[in-house]
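This report concerns only the one structure given below.
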Amino acid sequence: MLDPKLLRETPDLVKASQKARGADESMVDAWIAADSRWRELNAAYDTKRAEQKNLSKEIGPLQGKAKSGDESVTAQLEELMKNASRMADDLTKTAEARDKAEAEAAQIMSGFANIVDVVTPVGGEEDFKIIETVGKPKDFKSLGFQPKDHIELGQILGAIDIERGAKVSGSRFYYLTGPGALLELALVRMAMEFATKAGFTPVLPPSLVRPQAMEGTGFLGQAAVDVYHLPADDLYLVGTSEVPLAAFHMDEILEAKQLPLRYAGFSPCFRREAGSHGKDTKGIMRVHWFDKVEMFSFCNLNDAAAEHQRILELEKEFLKALELPFRVLDIATGDLGSSAIRKFDCEAWIPSQNTYREVTSTSNCTTYQSRRLRIRSKSSESTEFVATLNGTLMASTRTIVAILENHQQADGSVVVPKALVPYLGLEVIKPLANNA
RNA sequence: GGAGGAUUCGCCUAGUGGCCUAUGGCGCUCGCUUGGAAAGCGAGUUGGGGGCAACCCCUCGCGGGUUCAAAUCCCGCAUCCUCCGCCA
């Protein structure tokens with residue numbers, strides 16, 4: 001949700017943002033019309049309500065007199081009751097009109113995406129800016145072998161079972177087995193410790209949430225088709241622990257002194273992947289379920305940009321620790337989620353695809369989510385909506401793909417990055433003995 | 001799944017249709033007092049919306065309803081507690 005003041009006072013700013021996103025600019029004027037109608041009706045209601053209250057207050061004492069046998073007030077009382085009755089009808093009608101205008105304004109409001117940052121590159125999916133490139137993809141040719149893809153490596157190592165995933169659950173499902181299962185657990189443990197050292201509180205959040213949590217984080221807008229819904233219970237499966245982490249402080253007023261509050265959530269992530277038919281159909285690059293360690297910060301709006309950089313630095317540091325070559329992108333306006341004003345993606349090199357693929361993503365959502373979730377902070381001076389930021393630390397499937405493919409050797413074995421060795425207890429993942 | 005009970009300001013609590021424009025205590029903040037502190041005394045202390053302002057309106061778990069008038073009566077829902085059943 002946007003700040004209504006922004007729309008009332010600087011509509012051109014909102015229009016410019018809508019334009020940069022390729023969204024509808026006319027919503028701005030439509031909202032302003034609905035809002036001014038609401039304000040008018042609201043003021044009218046308030047005035048009438050005040051009158052009604054005064055009228056009602058006169059009735060009580062008179063009724064007391066009438067009850068004690070004083071018949072001189074009966075006529076006056078009747079007159080008052082008649083007026084009050086009429087007033088109540090009028091009030092109901094005004095309230096209905098007011099509520100209608102309010103609902104209309106709210107409807108339009110919920111369609112606004114956050115105001116893009118002025119520094120965000122303008123354009124669509126392809127218009128990202130490459131901020132930096134870290135590490136260098138391995139030259140497998142000079143090493144004398146053709147790199148295998150993660151599907152083949154997964155088979156050789158007994159780490160990933162895609163066929164049985166499909167048998168049991170359908171396409172885009174998989175089993176992690178043996179060293180694959182242990183690899184994920186090691187990565188999770190490493191990520192959690194890493195995040196804890198960086199000041200994030202480890203959290204295991206629920207991965208089923210109520211509509212208001214989903215709604216509040218902005219996932220029931222354009223992204224709604226990608227969300228699993230359980231109609232029997234009206235619960236949603238989260239696509240990221242960003243949802244339960246953001247909603248953690250829903251309807252709360254935090255002490256300004258406590259900020260920033262940082263959490264690292266580990267949860268499964270469920271995505272319907274509607275509309276991505278034909279993309280990444282093989283392997284585990286794009287799946288309906290994966291596990292992820294996600295960083296989430298609540299901070300002052302003024303500190304949000306710095307916190308965003310901080311989260312990005314942590315993501316980079318983690319990828320460096322895994323010895324993965326990657327690049328950092330500044331995502332363009334048209335490719336931002338509705339909550340974000342700016343987004344950085346880290347893309348790791350995937351040898352089998354000869355390209356960089358997204359492994360982490362961090363967004364600055366300023367007060368867009370906190371307004372919807374009613375999360376504020378209170379200092380002695382004021383009560384304000386907090387800024388929220390999120391960033392992937394470790395998405396298991398894609399991280400596993402990157403590790404297997406980048407660190408593979410000619411025989412299919414995989415060298416475990418040094419930083420991960422203590423968590424995995426292995427220096428090399430070796431092919432299964434019975435595998436040719 | 002079944003049966004009861006609860007939900008009022010940070011915490012505890014009063015409140016069975018109009019005098020609730022919500023008690024009282026604790027805590028907290030400020031002031032007086034003091035060399036300084038404690039005690040004592042006094043004031044303040046839920047959020048939100050509209051209005052240039054004076055001020056007005058909303059907010060007693062949430063949503064409806066009854067009524068001229070609802071913290072209070074009625075209906076639905078949520079959460080928590082107790083007991084029974086089931087269960088990792």
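Just so it is clear: chains get the letters A, B, ... in the order the sequence lines come, proteins before strands, and each one is counted from 1. Being a predicted model, the structure only gives us computed values, none of them experimental. Keep in mind that the numbers below use all heavy atoms, side chains included, and drop hydrogens, waters and symmetry copies.
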**OP:** Test A/Asp89 against A/Lys93 for salt bridge (Lys or Arg N to Asp or Glu O under 4.0 Å), laying out the working first.
**Re:** CA-CA 6 Å; A/Asp89 287 345; A/Lys93 282 192 196 115; over 6 Å; no
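- Under the Watson-Crick and G-U wobble criteria, each requiring two contacts below 3.5 Å, nucleotide B/A69 is left unpaired.
- Seen from the ring of A/Tyr45, A/Arg98 counts as a face-on cation partner, given the 6.0 Å and 45° thresholds.
- Across B/U79, B/G50, B/A70, the shortest atom-to-atom separation from the side chain of A/Trp38 is found for B/G50.
- Taking the six-membered ring where tryptophan is involved, the planes of A/Phe270 and A/Tyr228 are perpendicular, since the angle between them exceeds 60° and thus also 30°.
- Between the CZ atom of A/Arg372 and the P atom of B/G48 there is a distance of 20 Å, given to the nearest Å.
- Between B/C62 and B/G10, the distance separating the two P atoms is 13 Å to the nearest Å.
- If A/Ser85 and A/Ile253 are placed on RNA chain B by their nearest nucleotide, the residue sitting closer to the 5' end is A/Ile253.
- Nucleotides B/U59 and B/U7 have their C1' atoms positioned 16 Å apart, rounded to a whole Å.
- Look at the C1' atom in both B/C80 and B/U8: the space between them is 16 Å, to the nearest Å.
- Base pairing analysis places B/A54 opposite nothing; no Watson-Crick or G-U wobble pair with both distances below 3.5 Å involves it.
- A/His288 and A/Phe173 have tilted rings, their planes meeting at an angle from 30° to 60° on a 0 to 90° scale.
- Applying the Watson-Crick and G-U wobble criteria (two distances, each under 3.5 Å), B/C60 pairs with nothing in any strand.
- Base-pair partner of B/C30: B/G42 (Watson-Crick or G-U wobble, both distances under 3.5 Å).
- To the nearest whole angstrom, the two P atoms, one in B/G47 and one in B/C41, are 27 Å apart.
- Within the nucleic acid shown, A/Lys378 comes within 4.0 Å of sugar-phosphate atoms alone, with no base atom in reach, counting heavy atoms only.
- What separates CD of A/Glu255 from P of B/U46 is a distance of 14 Å, to the nearest Å.
- Between the side chain of A/Arg371 and the main chain of A/Phe385, no donor-acceptor pair closer than 3.5 Å is present.
- If you take atom P in B/C30 and the same atom in B/U66, they sit 49 Å apart, rounded to whole Å.
- B/A6 and B/U79 make up a base pair, with Watson-Crick or G-U wobble contacts both under 3.5 Å.
- For B/G51, the OP1/OP2 oxygens have a side-chain nitrogen or oxygen of A/Arg39 closer than 4.0 Å.
- Atom pair A/Asp35:CG and B/G49:P shows a separation of 12 Å (rounding to whole Å applied).
- Among the heavy atoms of the strands lying under 4.0 Å from A/Thr383 are primed sugar atoms or P, OP1, OP2 only; no base atom is included.
- Side-chain proximity of A/Arg210 to the nucleotides B/C57, B/C68, B/A78 is greatest for B/A78.
- Base pairing analysis places B/U21 opposite nothing; no Watson-Crick or G-U wobble pair with both distances below 3.5 Å involves it.
- Here the side chain of A/Arg376 is nearest to one of B/C68, B/G47, B/G50, namely B/G47.
- The gap from the C1' atom of B/C11 to that of B/U46 amounts to 14 Å, rounded to the nearest Å.
- Counting distance only, with no hydrogens placed and no angle test, the side-chain atoms of A/Asp46 and the base atoms of B/G49 include a donor-acceptor pair under 3.5 Å.
- The interatomic distance linking A/Ile375 (CD1) with B/G47 (C1') rounds to 16 Å, in whole Å.
- Here, B/C60 and B/C9 have their C1' atoms 10 Å apart, quoted to the whole Å.
- Whole-Å rounding puts the A/Asn54 CG to B/C56 C1' distance at 11 Å.
- The side chain of A/Lys53 approaches B/C57 more closely than any other nucleotide in the set B/C57, B/G51, B/G18.
- Taking every side-chain heavy atom of A/Ala43 into account, B/G50 is the closest of B/G50, B/C68, B/U79.
- Atom pair A/Lys257:NZ and B/U29:P shows a separation of 9 Å (rounding to whole Å applied).
- Rounded to a whole Å, the CG atom of A/Leu55 is 17 Å from the P atom of B/U67.
- Between A/Phe112 and A/Val28, some side-chain heavy-atom pair lies under the 4.5 Å cut-off.
- Between the P atoms of B/G51 and B/U45, the separation comes to 25 Å (whole Å).
- Here B/A88 sits opposite no nucleotide as a Watson-Crick or G-U wobble pair (both hydrogen-bonding atom distances under 3.5 Å).
- Contact check, A/Arg49 against B/C56: no side-chain N or O comes under 4.0 Å of OP1 or OP2.
- For A/Ala50, taking side-chain heavy atoms from C-beta onward, the closest of the listed nucleotides B/C57, B/A69, B/U79 is B/C57.
- Using N1 to N3 plus N6-O4 or O6-N4 for Watson-Crick, or N1-O2 and O6-N3 for G-U wobble, each under 3.5 Å, B/A37 pairs with nothing.
- Among the heavy atoms of the strands, none lies under 4.0 Å from A/Arg37.
- In terms of position along RNA chain B, the nucleotide closest to A/Pro4 lies nearer the 5' end than the nucleotide closest to the other residue of the pair A/Pro4 and A/Glu51.
- One side chain, A/Glu184 or A/Ser396, offers a donor N or O that lies under 3.5 Å from an acceptor on the other.
- When the P atom of B/G61 is taken as reference, atom CE of A/Met250 falls 18 Å away, rounded to whole Å.
- Across all strands, A/Arg98 comes closer than 4.0 Å to no nucleic acid atom at all (heavy-atom distances).
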Subject >> Worked verdict on A/Arg286 versus A/Glu273 for salt bridge (Lys or Arg N to Asp or Glu O under 4.0 Å) >> reply: CA-CA 8 Å; A/Arg286 189 178 298 276; A/Glu273 294 297 342; 3.3 Å; yes
